[in-house]
Amino acid sequence: MSARITKTEEKLSFLPTTAAECQALGWDTVDVVLVSGDAYVDHPSFGIALIGRWLEKNGFRVAILAQPHYQNGCDEFKRFGRPRLFFGISAGNLDSIVANYTGNGKIRDKDPFSPDGSPYFPGEKQKNNRRRPDRATLIYANRAQAAWPGVPVVLGGIEASLRRFIHYDYRQEKLRNSILADSKADLLVYGMGERAILEAAQRLDQGENLGGIPGTCEFLTPAAGSSLANSESSTLLPGWHDIEQDKKNFIRAELEIDQRARQGQTSNRILLQKQKSGWVKENPPADPLAQSELDRIYELPFLRRPGRQDINIPAFTMIRDSVTIVRGCSGNCSFCALTRHQGAQVVSRTQKSIVREAEIVTRQTGFKGTISDLGGPTANLYATSCKKSRTCQRKDCLYPTICNHLQIDENSFVRLLNAVAELDGVKKVLISSGLRLALLRRTPKLLACIIKHHLPGVMKIAPEHSVPEILRLMHKNDALELDDFLKEARKLALKAKVKLDFTPYLISSHPGCGVTEMRNLAQSIKRNSLKARQYQDFTPTPGTLSTAMYVSGLDRDTLQPIRVAKGVSERLRQRQELEKVSGRHNPNDKSIPQKMKKGCSNGKRQTKKGQKAGR
């Protein structure tokens, strides 16, 4: 019997988080329980809220299990009774290892997606008391299966999406199976999952199976996978044993996955990868949402605040007065997983929809007159489009130079900024998301508008590096135009009589980079009168080509050996080159923990005599 939500239940309220709240709605059962490693915030920037509201809009009864206690069995997963359709499992807005550890393995003492920014439940600050456990998707899936055997478990979110194939775990310093294979879940939704999760819910509601849904991965038995591997519609990736024998096969697999992510819906092939046991089958991607669909989703009835009024969620404080205007990124930087997760096709919301959401923001309690961001993965990709979007197999619009087929509409962005700025109660509209330098140089009207009216005194730019060879490996050439961009921006600021500073984002220890290259970067920063405020050691997160280079020690383009800094001494020396031009240099810094102190300079792990490489 269906437990579909009724019209009388459609009112402005939080999605229920307790059994009592479900009872107050008159529910005797829930359709879907969404589990998250984040605190529940009913805001469209929080993935679990967005998916929850989307399913609710389509008639399903959805409950939220946020940051459940997992330490003592599965009791928390029985809170709402047996879900009629499925458990939806997510580690939250961040991969749990990224949330819990720095790139050098230090334990993080803050989690902005948790109450008061504390990563711990009340009590002792120990690993087994963390609100978001390591590899949270696995832990939550296992608890859900133990609580209600036979209820389908569907994985989603950034952690599941980027760990859907064989991947590198930098905390354990080893390759791992697909998270789908390890969790024994029924389905994995990859990418932006609105279409896939809705189809899964509708199929289960009708008693149908979950096979073949676009935008999902399935786990296959050895026999089923071997049979499909011979199909003409399948692309066979290097599998576990192939990669175990030769790490070159890892980067080959990642290059194939990267190409598929960029092709998006133009690819109708199945990807297959053999695991330690069984196979992972990736169905073709779901179509990106159309502009009208993206508008509707972001205008769902979010309350735009935490589910509990007595808690402070730092991540919410940062984005509470922001509006997402664009989805997708066609930049394809080697170190970034945005293209693999959100897709390479850029979809922009309409001005009317964005203005309506901004009006809602202005009516929120505590609004002080500033829209903190009109942004997305890359803010100034807004209103860009491709002349060949349905047929282009490359979708690499910004590298090595801006593609001739990329259509840039700076006037639409300027009109949007003006329209939001004119709303009653709005004193300031800021652009806090990242901006691509190369695009800004080709949109002088937009650049002048942003500098004069829409910056908090600082422009965030991301040259990442300055050495051409490292930029090639990063697949990002914006920094080649840095000198000219800074001259143009500073000239515009002088004309507008505004003070302008820059915060450049920089990366040290990227594969291929050595101390000499970092010294050249530091000299470039100093020469351009910039301050190195935001920099980090490269973190080999799952699902990026930079991580594939880190693991294999090979160039992404030539598959030839490159230098890879894994040892503490070189990583520290590289970072210190930037610290020297930041004013924060500490020659006694020993901040990289013991776990990372395994030297490497050519992609091969150096070990002590008698010690095995890896675990």
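Index from 1, following the sequence.
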So, [X] side chain and [Y] main chain: donor-acceptor pair closer than 3.5 Å or not?
{"X": "K452", "Y": "K497", "value": "no"}
{"X": "D205", "Y": "A201", "value": "no"}
{"X": "E194", "Y": "L289", "value": "no"}
{"X": "K57", "Y": "R296", "value": "no"}
{"X": "W148", "Y": "F77", "value": "yes"}
{"X": "R132", "Y": "A91", "value": "yes"}
{"X": "Q342", "Y": "G328", "value": "yes"}
{"X": "D501", "Y": "G457", "value": "no"}
{"X": "R131", "Y": "Y120", "value": "yes"}

Should the pair [X]-[Y] be classified as a salt bridge under the 4.0 Å nitrogen-to-oxygen rule?
{"X": "E76", "Y": "R79", "value": "yes"}
{"X": "D31", "Y": "R84", "value": "yes"}
{"X": "R195", "Y": "E199", "value": "no"}

| message | Taking side chain to side chain donor-acceptor pair (under 3.5 Å) as the criterion, tell me which of T378, T324, N380, D373 meets it with S433. | response |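 For S433, the side chain to side chain donor-acceptor pair (under 3.5 Å) check succeeds only for D373.
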| query | Quick one: which of T384, I461, L398 gives a side chain to side chain contact (heavy atoms under 4.5 Å, CB included) with R436? | reply |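 With R436 as partner, side chain to side chain contact (heavy atoms under 4.5 Å, CB included) holds for just one option, L398.
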| field | Qualifying residue for salt bridge (charged side-chain N to carboxylate O under 4.0 Å, His left out) with D295, from R349, R356, R327 | value |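 Answer after filtering R349, R356, R327: R349.
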| said: Just to verify, which of R53, R304, R320 counts as forming a salt bridge (charged side-chain N to carboxylate O under 4.0 Å, His left out) with D42? | reply: R53
| query | If you draw the axis of the six-membered ring of Y190, does the NZ or CZ of R164 fall within 45° of it and under 6.0 Å from the ring centre? | reply |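 The answer is yes, since R164 meets both limits relative to Y190.
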| said: Is the terminal nitrogen or CZ of R171 (NZ for Lys, CZ for Arg) located under 6.0 angstrom from the six-membered ring centre of Y101 and within 45° of that ring's axis? | reply: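 Yes, cation above the ring, under 6.0 Å and within 45°.
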| S96 and D134: side-chain donor and acceptor closer than 3.5 Å? |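 No pair is found: no donor N or O on one side chain lies under 3.5 Å from an acceptor on the other.
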